Amino acid sequence: MTDAAPTETAPSTGYVVEELDVPATMQDHPARVAAFRDWLEVSDRAEGAVHGLAELAWTPDEYLPMCHTPGAPTRLFVARDADGTVVGSAAYDSKTEPGTTNCWLAVGVDPAHQRRGVGTLLADRVEQVARDAGRTQWKTYAVSRQVGPASGDGYLQAPTGYGAVPADEAAVRFLLGRGWRFGQVNRISRLALPADASVVAALRERATSVAGAAYRAHAWTGRTPEQWIDGIALLHTRMSTDAPEGDMEEPEDVWDADRLREQEAELERAPRTMVTIAVEHVTTGTLVGFTQLAVPDAPERAVMQWDTLVLREHRGHRLGWLLKVEGIAYVEREFSGRPSIVTFNAEENRPMLDVNEAVGFVGVGSEGIWEHRD
């Protein structure tokens, strides 16, 4: 973690921005932990005011390990008012590897303090961090109240031709005003649990009949078995090249066994269990697809479906369907009582949206993906 930079003040508002000293654990120095909690609370509140989805809020114990991703530590910033209360949050994420050109920025403002220059102050800070680090491709994710496709003068259409966001949303106006380019829409979908067992069984039968004996599904919790470590590392790498990215180029993000083990060790500190479903190509003995679901220890919290990918060269065999239904069945069998599974998919990823809709996922929101070239 870099040393915290000096605070900056917006002369016309009195708000100040400071970089946090991110705690190593939730048992770290109380002041660091308290500041981190304040950061996350404002971040969750800012997003929740837009999409209204309480299930998407993070707990501090869940979020903190992701701030310590090996080779890509997160830098966090807060805006404080004259009383010292945190009213805005921002984050900068990028790999530390030499030659890295891309990064991810995030800004959130407490609804009660919007339209007062707080977002501008935070954005100026993290954008300058990106410039100082030599990052020329910036991305951000802006949640939206929109559910499903839309058209008309009141919407900004994604250049992919799939999805839109309301033109009057504050984040849309803010990003356009700062020269960001709208690139893609992700649909947020929710499956209420328990799922319809007959539907899941029918879809599994259909998927396995198409995949045939050429493919075999495997499942595990926690750390990846040694047998599959290189295969999962490759699938993580291919997430950066094979997943739909609209017309925004995504640099290859290379994973190896060491990086994966470091990441798994960090994620184990969170109060959740990682479930992995992977598909093996039997002839070659290699993994060609996977999905991961983060299952919170607290049974009242939603399961989050993270990365899902089938390698391009193995598509067309219903492997995405197989991964989806095997994941649902595993969660319901081993972690019964969870209220739902929530997942994010590109609006142009019709094959995955087809299986989501077939099994019972319902669109509940969207997020726009934006890019800035500096």
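Note that the coordinates shown come from a computational prediction; the quantities given were computed from them, not determined experimentally.
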The side chain to side chain donor-acceptor pair (under 3.5 Å) partners of Lys95 (sequence neighbours excluded) come to Glu97, Asp253
Just checking, is any N or O donor in the side chain of Thr237 or Glu252 under 3.5 Å from an acceptor N or O on the other one? no
Restricting to side chain to side chain donor-acceptor pair (under 3.5 Å), what partner residues turn up for Asn356, sequence neighbours left out? Lys324, Asn345
Would you check if there is a donor-acceptor pair between the side chains of Ser144 and Ser366 at a distance under 3.5 Å? no
According to salt bridge (Lys or Arg N to Asp or Glu O under 4.0 Å), who are the partners of Arg131, at least two apart in sequence or on a separate chain? Asp374
Only counting residues at least two apart or in another chain, list the ones meeting side-chain contact (heavy atoms from CB on, under 4.5 Å) with Ala91. Trp39, Thr74, Leu76, Asp93, Ala106
Taking only residues at least two apart or on different chains, which pairs with a member in residues 152-168 satisfy salt bridge (Lys or Arg N to Asp or Glu O under 4.0 Å)? Arg145-Asp168
Which residues share a salt bridge (Lys or Arg N to Asp or Glu O under 4.0 Å) with Glu41, sequence neighbours left out: Arg45
Excluding sequence neighbours, so at least two apart, what forms side-chain contact (heavy atoms from CB on, under 4.5 Å) with Leu234? Arg238
Identify, with sequence neighbours excluded, every residue that meets salt bridge (Lys or Arg N to Asp or Glu O under 4.0 Å) alongside Glu334. none
Would you list the pairs meeting side chain to side chain donor-acceptor pair (under 3.5 Å) in which at least one residue belongs to residues 274-290, sequence neighbours left out? Arg216-Glu280, His218-Glu280, Thr276-Gln292, His281-Thr284, Thr284-Thr286
Heavy-atom pair with the smallest gap, counting every atom of Leu309 and Ala243: CD1-N, 4.2 Å
Parallel, tilted or perpendicular: rings of Trp180 and Trp138 (30°, 60°): tilted
Partners passing side-chain contact (heavy atoms from CB on, under 4.5 Å) against Asp132 (at least two apart in sequence or in another chain): Gln128
Run the side-chain contact (heavy atoms from CB on, under 4.5 Å) test against Asp83 and tell me which residues pass, sequence neighbours left out. Asp81, Thr85
How would you list all residue pairs meeting ring-ring contact (aromatic ring centres under 6.0 Å, His included) that involve residues 325-349, not counting sequence neighbours? none
